[in-house]
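To start, the structure itself, in structure tokens.
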There are 2 protein chains.
Amino acid sequence: MEIFDPTADRAKEMLDAYARADVMAADCPSRPVLQHLTSRWGVLVMAALATGTHRFSELRRRIGGVSERMLAQTLQQLEGDGFVLRRDYGEVPPRVDYSLTPLGEGAAVHLVALASWIEANFPAIAEAQAALSAPADRSVPASA
Amino acid sequence: MEIFDPTADRAKEMLDAYARADVMAADCPSRPVLQHLTSRWGVLVMAALATGTHRFSELRRRIGGVSERMLAQTLQQLEGDGFVLRRDYGEVPPRVDYSLTPLGEGAAVHLVALASWIEANFPAIAEAQAALSAPADRSVPASA
DNA sequence: GTAAGTACCTACATAAATGTTAGTATACCG
DNA sequence: CGGTATACTAACATTTATGTAGGTACTTAC
């Protein structure tokens with residue numbers, strides 16, 4: 001039909017951007033979101049916040065190995081995606097705390113599940129790692 | 001008591017390495033595993049393999065944007081952790097296929113859940129992103 | 001008064017991830 | 001024969017991620 005309709009373009013946009021989010025597509029806008037959540041510190045920040053509201057320095061101590069810079073950056077990314085809520089009390093010395101938004105909680109569930117699964121199954125994983133690095137012969141037995 | 005016991009050291013090692021896997025600890029051996037699974041391509045490879053066995057080139061086509069190099073490297077990491085099984089038919093031209101091990105399936109469940117959640121909730125995420133970048137005023141209203 | 005704590009940011013430096021290109025041995029298609 | 005496909009690897013280039021050090025403005029504890 002192709003009749004001109006001012007709403008058609010918008011409808012198409014919404015379909016592209018909303019209805020068809022596909023992480024397998026290289027240029028899907030969901031890719032950056034996935035990366036924020038699965039980034040080195042993203043997972044751990046989300047998991048830490050899944051236990052409740054925390055201040056910046058609390059998170060920093062809780063998450064072993066994060067630098068201030070990385071923690072700040074990660075929190076900003078997650079805030080920008082609407083997963084984390086930042087509350088600034090405007091006091092001095094500074095006081096700010098972070099918590100998950102409802103959206104963030106939805107995502108955190110899966111990240112916590114993953115982290116827990118790894119912790120719980122680490123014995124098996126370590127075993128597999130050892131078994132795979134040990135065997136010298138990985139080639140097909142020669143007929144000779 | 002501290003009585004010498006040849007099994008004591010080993011038991012302690014096992015406790016350290018196995019029983020207490022804690023992703024929040026900077027030097028926990030579970031950290032690299034978490035990173036392999038949540039790496040840019042790791043998630044997508046696991047998700048792709050969650051749908052069944054695939055050949056290398058099939059995965060490459062399915063996962064938008066992976067280079068051969070990255071796909072190969074990611075598969076090797078996941079194989080090294082015991083999540084992926086590589087089967088080489090020893091034919092020429094080469095034929096190899098990949099599938100999840102039972103361990104891999106356990107992990108994949110959570111990664112697929114995460115990816116699906118993002119796809120399903122992308123409308124809300126995009127909305128949040130837009131809402132957060134729009135507001136010009138994020139500071140506390142001055143009393144003046 | 002000195003040190004430490006708070007929640008950051010900026011600039012700089014380095015490490016890690018990722019991409020690009022070329023190459024391998026062989027088979028199949030036309 | 002020329003081109004394509006397969007499953008890679010190695011070398012090299014580049015982009016991205018991450019870390020480090022120093023600074024801020026002020027408070028509390030010693």
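The analysis underlying the following values was restricted to heavy atoms, covering all of them including side chains, and did not include hydrogens, waters or symmetry mates. Remember, it's a predicted structure, so these values are computed and weren't measured experimentally.
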When the distance from [atom1] of [X] to [atom2] of [N] is rounded to whole Å, what number comes out?
X       : N      : atom1 : atom2 : value
B:His36 : C:dA16 : NE2   : P     : 12 Å
B:Arg95 : C:dA25 : CZ    : C1'   : 18 Å
B:Leu71 : C:dG19 : CG    : P     : 11 Å
A:Asp88 : C:dT6  : CG    : P     : 15 Å
B:Met70 : D:dA10 : CE    : C1'   : 13 Å

Residue whose closest nucleotide on DNA chain C lies nearer the 5' end, A:Gln76 versus A:Arg40: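 Mapping each residue to its closest nucleotide by heavy atoms, the 5'-most match is A:Gln76.
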Sidechain-backbone polar pair: [X] side chain, [Y] backbone, donor-acceptor under 3.5 Å:
X        : Y       : answer
A:Arg55  : A:Arg95 : no
A:Thr101 : A:Gly82 : yes
A:Gln35  : B:Arg40 : no

Quick check on the hydrophobic clustering: are [X] and [Y] connected, directly or via other members, by side-chain heavy-atom contacts under 4.5 Å?
X        : Y        : answer
A:Met24  : B:Met70  : yes
B:Trp41  : B:Leu85  : no
B:Leu103 : B:Val112 : no
A:Val109 : A:Val43  : no
B:Val96  : B:Met46  : yes

Worked verdict on B:Leu75 versus B:Phe56 for side chain to side chain contact (heavy atoms under 4.5 Å, CB included): CA-CA 9 Å; B:Leu75 284 166; B:Phe56 184 87; 3.9 Å; yes
Listed nucleotide nearest any side-chain atom of B:Trp41, set C:dG19, D:dT18, C:dC8: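 It is C:dG19.
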A:Ser67 side-chain proximity, nearest of C:dG19, D:dT20, D:dA7: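 Nearest to the side-chain atoms of A:Ser67, counting from C-beta on, is D:dT20.
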Shortest non-hydrogen contact between A:Ala107 and A:Phe83, atoms and distance: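 Taking every non-hydrogen atom into account, CB-CE2, 4.3 Å.
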Where protein sits on nucleotides 22-30 of chain D, one letter per nucleotide: B base, S sugar-phosphate only, - none, heavy atoms under 4.0 Å: ----BS---
Touch class at under 4.0 angstrom, heavy-atom based, for A:Gly65 against every strand present: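 Touches sugar-phosphate only.
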Sugar-phosphate, base or nothing in reach of A:Tyr98, heavy atoms under 4.0 Å: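 A:Tyr98: backbone/sugar contact only, no base atoms under 4.0 Å.
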Whichever of B:Ala72 and A:Thr74 has its nearest DNA chain D nucleotide further upstream toward 5':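 Nearest nucleotide further toward 5': that of B:Ala72.
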Contact list for DNA chain C against residues 46-60 of chain A - heavy-atom distance below 4.0 Å: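 Within residues 46-60 of chain A, the residues near DNA chain C are A:Arg55, A:Phe56, A:Ser57.
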Donor/acceptor link under 3.5 angstrom from B:Arg69 side chain onto base of C:dT18: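 Indeed there is one.
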Is the shortest side-chain N/O distance from [X] to OP1 or OP2 of [N] below 4.0 Å?
X       : N      : result
A:Gln73 : C:dC8  : no
A:Gln35 : D:dT16 : no
B:Arg61 : D:dT6  : yes

B:Leu44 vs A:Arg31, side chain to side chain contact (heavy atoms under 4.5 Å, CB included): CA-CA, chis, key distance, verdict: CA-CA 10 Å; B:Leu44 301 177; A:Arg31 279 276 181 94; 3.5 Å; yes
Stems formed with participation of DNA chain C [Watson-Crick or G-U wobble, under 3.5 Å, three or more pairs]: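 Stem segments, range with range: C:1-30 with D:1-30.
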Worked check of side chain to side chain contact (heavy atoms under 4.5 Å, CB included) between A:Leu37 and A:Leu78: CA-CA 7 Å; A:Leu37 288 175; A:Leu78 295 173; 3.9 Å; yes
